[in-house]
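What follows is a set of notes on a single structure, which appears directly below.
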Amino acid sequence: YQTFTGDLKWDHNDVTYRILNYSPDMDASLIDDAFARAFKVWSEVTPLKFTRLYDGTADIMISFGKADHGDPYPFDGKDGLLAHAYPPGEGIQGDAHFDDDEYWTLGSGPAIQTRYGNADGAMCHFPFLFEGTSYSTCTTEGRTDGLPWCATTADYDKDKKYGFCPSELLFTFDGNSNEAPCVFPFVFLGQKYDSCTTDGRNDGYRWCATTSNFDTDKKYGFCPNRDTAVIGGNSEGEPCQFPFTFLGTEYSSCTSEGRSDGKLWCATTSNYDTDAKWGFCPDRGYSLFLVAAHEFGHALGLDHSNIKDALMYPMYKYIKDFSLHHDDIEGIQYLYGPKTGPDPTPPEPQFTTSSPIMPTKSTPSEKTTTVSTTVHVDPAQDACQIKEFDAITEIQKELHFFKDGHYWKISNKGERKGPFLISEKWPALPAVINTAFEDQLTKKIYFFAEKQFWVYTGNEVFGPRKIEKLGLPSNLDRVDGAVQRGKGKVLLFNGENFWRLDVKSQMIDRGYPRFTDSVFGGVPIDSHDVFLYKGFFYFCRENFYWRMNARRQVDRVGYVKYDLLKC
Amino acid sequence: WCLPLKSVYVTFPGDVIKNMTNTQLADEYLKRYGYIDVLQKSGLQAVVSNSKALKKLQRQLGLKETGSLDQTTVDAMKQPRCGVPDIRN
């Protein structure tokens with residue numbers, strides 16, 4: 001392994017990152033997940049922890065770009081140079097850039113996550129059978145609205161499972177339109193457009209208006225790439241046109257004719273000889289996860305290795321079941337040391353029926369240490385029957401639902417576990433709590449019930465204390481919700497008002513309360529719970545939730561029961 | 001079915017990857033990834049005959065250290081890779 005001259009490394013273990021923009025090749029949630037998994041590769045073997053920021057400056061700023069993307073090292077079109085990153089430090093140091101002239105996938109062909117339909121966002125399954133015909137790409141067959149779709153199992157005729165594929169007719173991303181679909185035709189600089197365009201931009205990204213007139217409404221979004229879209233060339237994002245004529249010969253599939261590098265290409269109009277519009281055909285693409293894990297190695301201080309099987313070897317190689325090479329582990333542990341201490345999430349207690357020992361409530365004091373006991377809980381209690389939860393919050397990456405002394409957990413994979421007894425894990429707490437949040441930096445968990453709050457650090461509890469001690473008004477009866485804002489700030493909600501708590505000083509910042517609807521327009525002002533989950537703010541009332549994205553736009557309203565609790 | 005392939009090569013508009021010769025490819029590669037100090041004033045041919053730089057590249061990439069621009073080395077240069085230079089000048 002090699003490190004950079006002077007062993008450049010971060011001087012703290014809590015490293016932050018921020019994703020500045022997205023590639024049109026994959027759904028944003030797949031890209032988020034690929035980056036999160038790429039960081040996990042390194043956090044699993046070091047004391048490093050990675051926290052995602054949604055605004056401000058993070059240690060590692062991640063972005064996609066094409067050719068000259070603003071630093072002294074332009075990218076080079078498709079293939080060749082895939083990405084680069086800078087060693088740890090201020091400014092551009094530590095940042096990672098990905099060449100968006102590449103076709104980003106999970107390494108084995110188009111990674112298509114469906115939306116809507118009845119498959120809960122499952123991935124397309126290629127090939128799939130539909131009315132006896134096999135399809136290896138999304139299709140508009142069987143529809144009149146022209147929306148491409150796919151089956152999420154091998155046989156749509158049997159299973160009837162399907163979802164819609166990314167297309168500009170279904171949604172756009174980034175821009176200022178809240179993922180609204182394109183409107184065709186739209187007017188831009190007085191000209192009518194019937195499809196996405198790169199006109200008006202110099203970064204090569206395709207966009208469209210989400211109203212019929214961009215000149216007046218200024219509403220736009222970027223167009224996701226369809227799975228049949230070509231890559232690079234001079235028609236990025238356009239679908240192949242079959243058959244097409246090239247040098248007088250007709251082709252009804254991709255060809256490498258006319259190229260010395262053997263790459264498959266197609267025309268995006270019926271006649272290349274007259275129109276010269278073309279692009280490369282979708283191939284297996286490059287695994288964003290693998291390339292990101294390599295670049296993040298640079299961003300943490302590792303240089304290239306000459307071990308061919310090491311992650312830090314400079315050449316790309318797709319590996320299906322990836323694991324870090326010992327050369328990479330030795331390198332990163334040379335910089336940051338090995339991972340210390342037991343895994344932060346203690347094993348779950350085993351249920352027994354022999355002696356239902358009720359937990360004895362420890363006498364509340366400023367500082368207590370709790371001991372877990374084995375208790376008996378009725379697993380048949382169904383969370384899906386609960387209309388309104390006392391509190392909902394994310395703790396250690398799992399969404400927790402609290403109700404009357406019990407709680408349930410939803411894992412990242414959407415598995416629901418529980419019920420568990422609150423008193424088993426947090427014995428100092430009352431049965432009913434109003435809200436809770438986990439401080440992203442210290443991992444301490446704050447619980448609020450009525451006019452009191454507790455702070456758990458592992459098994460140790462601090463409290464109960466009066467919420468007045470935080471600087472909240474004495475007439476405040478309860479805290480309904482809490483949203484972590486990064487940099488040690490947490491917003492505490494109660495009806496029409498919210499306060500900003502500085503977790504370090506344990507005091508409410510000056511200038512609060514503020515009116516909830518002045519900042520969070522469009523959400524109910526009598527939410528019984530407010531929490532942050534996967535980067536979105538959730539405002540709950542009864543069994544509904546209003547979801548607000550980082551740009552403070554309500555982008556979804558749904559049922560807590562189905563979308564969050566996964567009933 | 002044994003008709004010879006017509007090998008007519010076309011320059012595609014907007015194709016960032018130009019049909020380089022191996023020597024040009026090697027020149028650009030050795031400079032981009034730090035094997036040749038970009039401030040070196042030697043001419044193009046000097047690059048290829050600069051077997052030291054080629055040996056360094058072959059060592060870094062785990063190839064046979066021939067010091068010459070053999071086909072294996074050219075193929076390696078055409079592989080997709082990370083853009084961070086291998087050697088910092």
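Computed from heavy atoms alone, side chains included, the values below leave out hydrogens, waters and symmetry copies. First the proteins, then the strands, lettered A, B, ... as listed; each starts at 1.
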Item to check | A:Trp265 and B:Phe12 aromatic ring geometry - parallel, tilted or perpendicular at 30°/60° bounds | outcome: perpendicular
Item to check | Nearest-0.5 Å distance, CG of residue A:Leu82 to CZ of residue B:Arg81 | outcome: 9.5 Å
Checklist entry - In this structure, are over 12 heavy atoms from other groups packed under 6.0 Å from A:Tyr73 atom OH? => result no
Next on the checklist: Looking at B:Glu28, I want to see if its CD is surrounded by more than 12 non-hydrogen atoms of other residues, nucleotides or ligands under 6.0 Å.
Outcome noted: no
Item to check | Closest-packed option against chain A by number of heavy-atom pairs under 4.5 Å, given B:Arg59, B:Gln60, B:Gln79, B:Met77 | outcome: B:Gln60
Checklist entry - Which atom pair, heavy atoms only, marks the closest approach of A:His304 to B:Cys82? => result NE2-SG, 3.5 Å
Item to check | Within 6.0 Å of NZ in B:Lys55, more than 12 heavy atoms from elsewhere | outcome: no
Next on the checklist: Tell me whether the count of non-hydrogen atoms from other residues, nucleotides or ligands lying under 6.0 Å of CD in B:Gln71 goes above 12.
Outcome noted: yes
Checklist outcome for this item: The interface call for A:Ala83 against chain B, heavy-atom contacts under 4.5 Å, is backbone
Checklist outcome for this item: B:Gly62 and A:Tyr313 have their tightest heavy-atom pair at N-OH, 4.4 Å
Item to check | Any side-chain heavy-atom pair of B:Val84 and A:Pro314 under 4.5 Å | outcome: no
Checklist entry - If every non-hydrogen atom of A:Lys308 is compared with every non-hydrogen atom of B:Leu61, which pair is closest and at what distance? => result CE-O, 3.3 Å
Checklist entry - Where do B:Ala76 and A:Met315 come nearest, in terms of heavy atoms and distance? => result O-CE, 3.1 Å
Item to check | Neighbour count above 12 (heavy atom, 6.0 Å) for A:Tyr334 OH | outcome: no
Checklist outcome for this item: When the 4.5 angstrom heavy-atom criterion is applied to A:Glu102 and chain B, the contacting part is neither
Checklist entry - By a 4.5 Å heavy-atom criterion (distance strictly below it), what part of B:Leu25 contacts chain A: side chain, backbone, both, or neither? => result neither
Checklist entry - Rounded to the nearest 0.5 Å, how far apart are CG of A:Asn306 and CG of B:Leu57? => result 12.0 Å
